[in-house]
Student: 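Before we start, here is the structure in question, set down as structure tokens.
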Amino acid sequence: MEFLVTTQKNQQFLKITNLVEEAVQRSQVKDGMVVVFVPHTTAGVTINENADPDVTTDILSGLNKAFPERDEYLHIEGNSHAHMKASLMGSSCHIFVENGKLKLGRWQGVYFCEFDGPRNRKIFIKIIKES
């Protein structure tokens with residue numbers, strides 16, 4: 001399944017847990033695995049705490065300290081910092097499906113990570129049925 005998201009900021013975390021849950025429900029798979037894949041080099045996907053929005057704010061703050069925007073980067077587009085952040089986050093995540101539900105921890109959510117927005121982005125979700 002392919003989903004489109006539109007980001008509103010240069011950098012942001014969008015909670016997409018509901019999108020992944022919707023894909024699982026539509027698939028009618030009761031037990032298996034979900035793969036969430038982001039086909040972009042300046043965006044990523046991660047699983048982290050969904051109870052306190054300050055967590056994603058803090059993650060972005062830490063990433064900006066580790067990978068700040070710098071003039072000395074060689075990449076002509078000037079978004080090397082976004083490529084580095086996306087590489088660290090990763091372009092995919094895997095989640096177990098049990099009894100038709102995502103097997104996430106109590107405080108976990110799935111996030112699309114934008115590092116070079118705002119943009120229109122794609123998210124691919126594949127549900128693999130347990131054999």
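Because the structure is a prediction, the values reported are computed rather than measured. Each residue takes its place number in the sequence, starting with 1.
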Student: Using side chain to side chain donor-acceptor pair (under 3.5 Å) as the criterion, list what pairs up with K9, not counting sequence neighbours.
Tutor: none
Student: What's the spacing between E72 CD and S80 OG if we round to 0.5 Å?
Tutor: 10.0 Å
Student: Using the rule given for side chain to side chain contact (heavy atoms under 4.5 Å, CB included), can you reason through M1 versus I127, listing the C-alpha separation, both sets of side-chain angles and the distance that settles it, and then say yes or no?
Tutor: CA-CA 9 Å; M1 289 175 233; I127 295 92; 3.6 Å; yes
Student: Given side chain to side chain contact (heavy atoms under 4.5 Å, CB included), test V38 with F124 step by step and report yes or no.
Tutor: CA-CA 6 Å; V38 174; F124 295 111; over 6 Å; no
Student: Determine, stepwise, if the pair L63 / M89 fulfils side chain to side chain contact (heavy atoms under 4.5 Å, CB included).
Tutor: CA-CA 10 Å; L63 288 170; M89 287 292 108; 4.2 Å; yes
Student: Between V55 and I16, is there shared hydrophobic-cluster membership here, with clusters defined by ILVMFWY side-chain heavy atoms closer than 4.5 Å?
Tutor: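 V55 and I16: separate clusters.
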Student: Show every salt bridge (charged side-chain N to carboxylate O under 4.0 Å, His left out) that has at least one partner inside residues 90-103, sequence neighbours left out.
Tutor: E98-K103
Student: With a 3.5 Å distance limit and no angle check, can you tell me whether H40 reaches the backbone of K122 through a side-chain donor-acceptor pair?
Tutor: yes
Student: Is there a path of hydrophobic side-chain contacts, each under 4.5 Å between heavy atoms of I, L, V, M, F, W or Y residues, that connects V20 with L104?
Tutor: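 Linked within one cluster.
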Student: Closest approach of Q12 and L60, non-hydrogen atoms and distance?
Tutor: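 That closest heavy-atom pairing would be CA-CD1, 3.9 Å.
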Student: Taking C-beta and beyond as the side chain, do Y111 and I59 meet within less than 4.5 Å on heavy atoms?
Tutor: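 Not in contact.
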Student: Taking all non-hydrogen atoms of both residues into account, name the closest pair between T6 and L14 and its distance.
Tutor: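 Heavy-atom minimum between the residues: O-CD1, 4.2 Å.
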Student: Any side-chain heavy atom of T56 sitting closer than 4.5 Å to one from N50?
Tutor: no
Student: After noting the C-alpha distance and the side-chain angles of V45 and I123, does the key distance pass the side chain to side chain contact (heavy atoms under 4.5 Å, CB included) rule?
Tutor: CA-CA 9 Å; V45 64; I123 301 169; over 6 Å; no
Student: How long is the gap from CD on Q28 to NZ on K129, to the nearest 0.5 Å?
Tutor: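 If I round to the nearest 0.5 Å, the distance is 10.0 Å.
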Student: Is it true that atom CD of E2 has more than 12 heavy atoms of other residues, nucleotides or ligands lying nearer than 6.0 Å?
Tutor: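 Buried by this count: over 12 neighbours within 6.0 Å.
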Student: Would you mind telling me which of T42, N79, N64 makes a side chain to side chain donor-acceptor pair (under 3.5 Å) with K85?
Tutor: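 Per the side chain to side chain donor-acceptor pair (under 3.5 Å) rule, the option paired with K85 is N64, out of T42, N79, N64.
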Student: Please name the pair of heavy atoms, one in F115 and one in A82, separated by the smallest distance, quoted to 0.1 Å.
Tutor: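 Of all heavy-atom pairs spanning F115 and A82, the closest is O-CB, 3.2 Å.
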Student: Look up atom CD in E114 and atom OG1 in T7, then write down how far apart they are to the nearest 0.5 Å.
Tutor: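 Rounded to the nearest 0.5 Å, the CD-OG1 separation comes to 3.5 Å.
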Student: Please check if the side chain of Q108 supplies one atom and the backbone of G105 the other of a donor-acceptor pair under 3.5 Å.
Tutor: yes
Student: Shortest non-hydrogen contact from V24 to G100?
Tutor: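 Of all heavy-atom pairs spanning V24 and G100, the closest is CG1-O, 3.6 Å.
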Student: To the closest 0.5 Å, what do you measure between SG (C113) and CZ (R121)?
Tutor: 11.0 Å
Student: Is F37 reachable from I125 through a run of I, L, V, M, F, W or Y residues, each pair having side-chain heavy atoms under 4.5 Å apart?
Tutor: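 Each belongs to a different hydrophobic cluster.
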Student: Tell me whether T17 contacts the main-chain N or O of V110 through its side chain, where contact means a donor paired with an acceptor under 3.5 Å.
Tutor: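 Looks like yes, one N/O pair under 3.5 Å.
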Student: Nearest 0.5 angstrom please: D31 CG to S131 OG, how far?
Tutor: 11.0 Å
Student: Do you know the tightest heavy-atom contact between V35 and H94?
Tutor: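 Between these two residues, the closest heavy atoms are CG2-CD2, 3.5 Å.
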Student: Taking ring pair (Phe, Tyr, Trp, His ring centres under 6.0 Å) as the definition, give me every residue that meets it alongside H83, ordered by chain and number, with sequence neighbours left out.
Tutor: H75
Student: When rounded to the nearest 0.5 angstrom, what distance separates CD in E130 from CE in M33?
Tutor: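 Taking CD in E130 and CE in M33, the distance rounds to 9.0 Å.
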Student: Side chains of F13 and T46: closer than 4.5 Å at any heavy-atom pair?
Tutor: yes
Student: Would you mind reporting whether I128 and V34 have side-chain heavy atoms less than 4.5 Å apart?
Tutor: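 No, their side chains stay 4.5 Å or more apart.
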Student: Taking all non-hydrogen atoms of both residues into account, name the closest pair between H81 and P68 and its distance.
Tutor: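 Scanning both residues, the minimum pair turns out to be CB-O, 3.6 Å.
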